[in-house]
Participant: 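Have a look at this one.
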Amino acid sequence: MAAAIETKQLTKSYKSKNGLVSVVNNLDLTVEQGEIFGFLGPNGAGKTTTIKMLLGIIYPTSGEGYVLGKEIGDMEVHRLISYLPERPYYYEHMTGPELLKFYGSLFGITDQAKFEMLLEKVNLHRDKAKTISQYSKGMQQRIGLAQSLLNDPKLLFLDEPTGGLDPIAHREIRDLILSFRDEGRTVFISSHELSEVELICDRVAIINKGIIERQGKLTDLLRGGRTEISVNGVSEEYLKGLNLADTNIRHLPDGLLMDMPEDNDVNQVLDALRGQKANVISVIPRKKRLEDLFVETVTNVGANR
Amino acid sequence: MRAVWAIASTTVGEAIRRKVLLIILLIGVIFMVVAPGLGVLSARQETTVLQGMMLGIIQLTSAVIAIVLTVYMIPNEIERRTIYTILSKPVQRWQFLVGKYLGAVLALGLMMSLMTAVLVFVYSLQQGFDPQTIGRLVQGPAMFFIQMSLLAAVAIFFSTFVSPLVNFFLAGGAYLVGTLFNPFFDTLAKSQSTPQVAKVAAQVVNVLLPNFANYNVQNPLINPGSTISNPSTYYLMTTAYGLVYIVALLVAGMIIFERREV
């Protein structure tokens with residue numbers, strides 16, 4: 001099975017006063033079918049430019065790109081994909097059903113029952129008479145998702161799908177995206193909402209200044225968390241004697257704090273402490289967050305360039 | 001064709017709801033309604049003045065609507081990102097451009113039909129209903145419709161590569177020059193006394209600039225006493241000229257738009 005998205009050395013450059021500026025530089029990216037892939041990066045990193053190239057809206061300066069096994073720009077692929085742009089605008093005079101009818105007609109879809117089903121799926125079936133101008137931001141985003149499902153796409157490109165939405169709308173959109181994966185679709189999300197991405201994505205790539213800095217499974221990328229054990233009734237020498245790798249010991253007002261890698265066997269350490277009749281006050285796992293990884297990646301790159 | 005039609009009908013829906021266009025249309029209609037009152041002030045024959053004024057109002061109003069409608073058409077779609085959701089579907093860029101153009105022409109047709117209905121109503125009220133006169137009178141808006149379709153094609157062509165403001169002046173300028181000066185260039189190119197270099201230059205300008213003046217023949221104020229020896233051939237030829245020009249402009253626009261990064 002071909003990858004949902006594959007790029008090889010994909011580059012987009014623009015001419016400027018200072019010569020050729022690469023917005024996307026030698027991008028090597030692989031997105032497997034059926035996964036939710038998070039495409040992360042600060043503003044101006046090249047996320048939207050990459051999506052536009054993959055959709056054939058703008059043309060790469062060099063490199064190759066394949067979507068569902070076909071070269072980018074292939075019109076046949078456009079029958080199998082869909083796109084929800086950042087802060088989309090829809091023709092405001094239309095109602096939800098009219099909008100779906102319009103976008104459906106671009107595929108030759110006229111099935112009224114399908115429009116009804118999609119409105120129900122995005123929970124807009126009770127607002128059929130409202131025009132888009134009367135929709136809230138969340139409703140506009142939901143009708144956007146409905147139009148993106150018209151052709152039963154295998155691959156969805158979602159650009160900031162939860163940007164500017166309230167927490168309830170956030171959750172609704174998140175649940176919808178998760179349902180896409182359950183339906184076997186591939187979802188490519190460009191987003192700043194790192195907590196959201198962490199909850200729903202299988203794999204992510206972090207792009208900065210047009211270059212992919214990190215790419216991989218979230219579980220692999222977020223490895224390296226720490227565990228903190230607060231304890232008293234035991235000496236610092238004893239703790240040092242346990243010879244635990246990469247472990248720091250600090251003094252607290254009421255005892256000692258062991259800060260160690262999450263890979264260490266916590267139970268073994270706890271058994272040893274109990275054997276010494278030590279009093280374990282707390283055990284706090286400090287998981288590495290996507291936000292930490294993102295900031296670390298972007299600031300390190302900024303400092304190194 | 002399905003996609004073209006869907007885009008065209010949506011464009012009509014948008015256009016007939018644009019307040020600025022409706023205001024221009026309303027102003028045009030108001031002027032047409034009060035035109036008979038202004039006609040009596042003229043020393044010239046009242047009927048001629050009335051016809052000329054009303055046709056002039058239709059032409060001017062339609063031209064303003066055509067330019068305002070079309071100069072923003074493509075840039076707005078890009079700015080609002082609606083173009084992305086459309087082009088990410090199985091829609092070719094040429095289909096998008098042709099759909100937008102046809103939508104603009106249909107919307108213009110609707111608005112001009114309304115003004116023509118007002119023309120017939122007001123004229124009949126003033127001069128009495130004579131089917132023959134009315135038949136001749138509505139040939140004016142019919143010719144203007146081709147003229148405006150050509151103007152819309154000029155503006156759509158420019159909108160594939162210039163900003164709305166620049167387009168406003170370019171399309172408006174092309175219309176003014178094509179209406180006022182094309183007959184002059186035509187005469188210059190045909191005159192025996194014109195030097196060869198000037199003749200060639202006049203011919204080039206004449207060919208490059210769309211001849212909007214072709215479609216003003218019905219206005220008795222612009223062309224007093226003019227008669228067309230063979231009306232059917234004239235209308236057929238000017239219509240064909242307009243269509244060829246429109247197709248050429250759209251094809252050129254498609255080529256530019258195909259390569260444009262949106």
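In the text below, chain A, chain B and the rest are named by the order of the sequence lines, each starting its count at 1.
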Participant: Regarding A:Lys12 and B:Glu261, does a basic nitrogen lie under 4.0 Å from an acidic carboxylate oxygen?
Facilitator: yes
Participant: How about NZ on A:Lys101, more than 12 heavy atoms from neighbouring residues, nucleotides or ligands closer than 6.0 Å, or not?
Facilitator: no
Participant: Under 3.5 Å, side chain of B:Arg81 to main-chain N/O of A:Glu86, donor-acceptor pair present?
Facilitator: yes
Participant: Specify which of B:Thr82, B:Leu87, B:Ile7 makes the most heavy-atom pairs with chain A at under 4.5 Å.
Facilitator: B:Thr82
Participant: Would the number of heavy atoms belonging to other residues, nucleotides or ligands and lying under 6.0 Å from CZ of B:Phe168 be above 12?
Facilitator: no
Participant: More than 12 foreign heavy atoms under 6.0 Å from CZ of B:Phe121: is that the case here?
Facilitator: no
Participant: Supply the atom-to-atom distance B:Glu14 CD to A:His93 NE2, rounded to the nearest 0.5 angstrom.
Facilitator: 5.5 Å
Participant: Chain B heavy atoms under 4.5 Å from A:Lys52: which part of the residue, side chain, backbone, both or neither?
Facilitator: side chain
Participant: May I ask you to check whether A:Tyr103 and B:Thr85 show a side-chain donor-acceptor distance below 3.5 Å?
Facilitator: yes
Participant: Dump the intermediate steps for side-chain contact (heavy atoms from CB on, under 4.5 Å) on B:Thr10 and A:Met94, then the final yes or no.
Facilitator: CA-CA 9 Å; B:Thr10 305; A:Met94 290 182 173; 3.3 Å; yes
Participant: Checking heavy atoms, do the side chain of A:Gln147, its backbone, both or neither come under 4.5 Å from chain B?
Facilitator: both
Participant: What verdict does the side-chain contact (heavy atoms from CB on, under 4.5 Å) test give for B:Ile86 and A:Phe102, after you've listed the backbone C-alpha separation in whole Å, the side-chain angles of each residue and the deciding distance to 0.1 Å?
Facilitator: CA-CA 10 Å; B:Ile86 294 172; A:Phe102 165 63; 4.0 Å; yes
Participant: Counting neighbours of CZ on B:Arg259 that are heavy atoms of other residues, nucleotides or ligands and sit closer than 6.0 Å, is the number greater than 12?
Facilitator: no
Participant: Enter the distance from A:Thr48:OG1 to B:Tyr84:OH here, rounded to the nearest 0.5 Å.
Facilitator: 9.0 Å
Participant: Below 4.5 Å, heavy-atom pairs only: which of A:Leu84, A:Leu150, A:Ile57 has the largest tally toward chain B?
Facilitator: A:Ile57
Participant: Give, for atom OH of A:Tyr91 and atom OG1 of B:Thr11, the distance between the pair rounded to the nearest 0.5 Å.
Facilitator: 6.0 Å
Participant: Heavy-atom cut-off 4.5 Å, strictly under: side chain, backbone, both or neither for B:Arg260 against chain A?
Facilitator: backbone
Participant: Quick one: what part of B:Glu258 sits under 4.5 Å from any heavy atom of chain A, side chain, backbone, both or neither?
Facilitator: both
Participant: More than 12 foreign heavy atoms under 6.0 Å from OH of A:Tyr89: is that the case here?
Facilitator: yes
Participant: How far apart are the closest heavy atoms of B:Val262 and A:Ile58, and which atoms are they?
Facilitator: O-CG2, 3.7 Å
Participant: Testing the basics here: between A:Leu106 and B:Ala6, what is the closest heavy-atom pair and its distance to 0.1 Å?
Facilitator: CD2-CB, 4.1 Å
Participant: Kindly check if the number of other-residue, nucleotide or ligand heavy atoms within 6.0 Å of CD (B:Glu79) is above 12?
Facilitator: no
Participant: Distance from B:Ser88 atom OG to A:Ile51 atom CD1, nearest 0.5 Å?
Facilitator: 11.0 Å
Participant: Could you state the interatomic distance from NE2 (A:His78) to NZ (B:Lys89), rounded to the nearest 0.5 Å?
Facilitator: 10.5 Å
Participant: Looking at A:Lys154, I want to see if its NZ is surrounded by more than 12 non-hydrogen atoms of other residues, nucleotides or ligands under 6.0 Å.
Facilitator: no
Participant: Taking the side chain from B:Arg80 and the backbone from A:Pro88, do they hold a donor-acceptor pair closer than 3.5 Å?
Facilitator: no
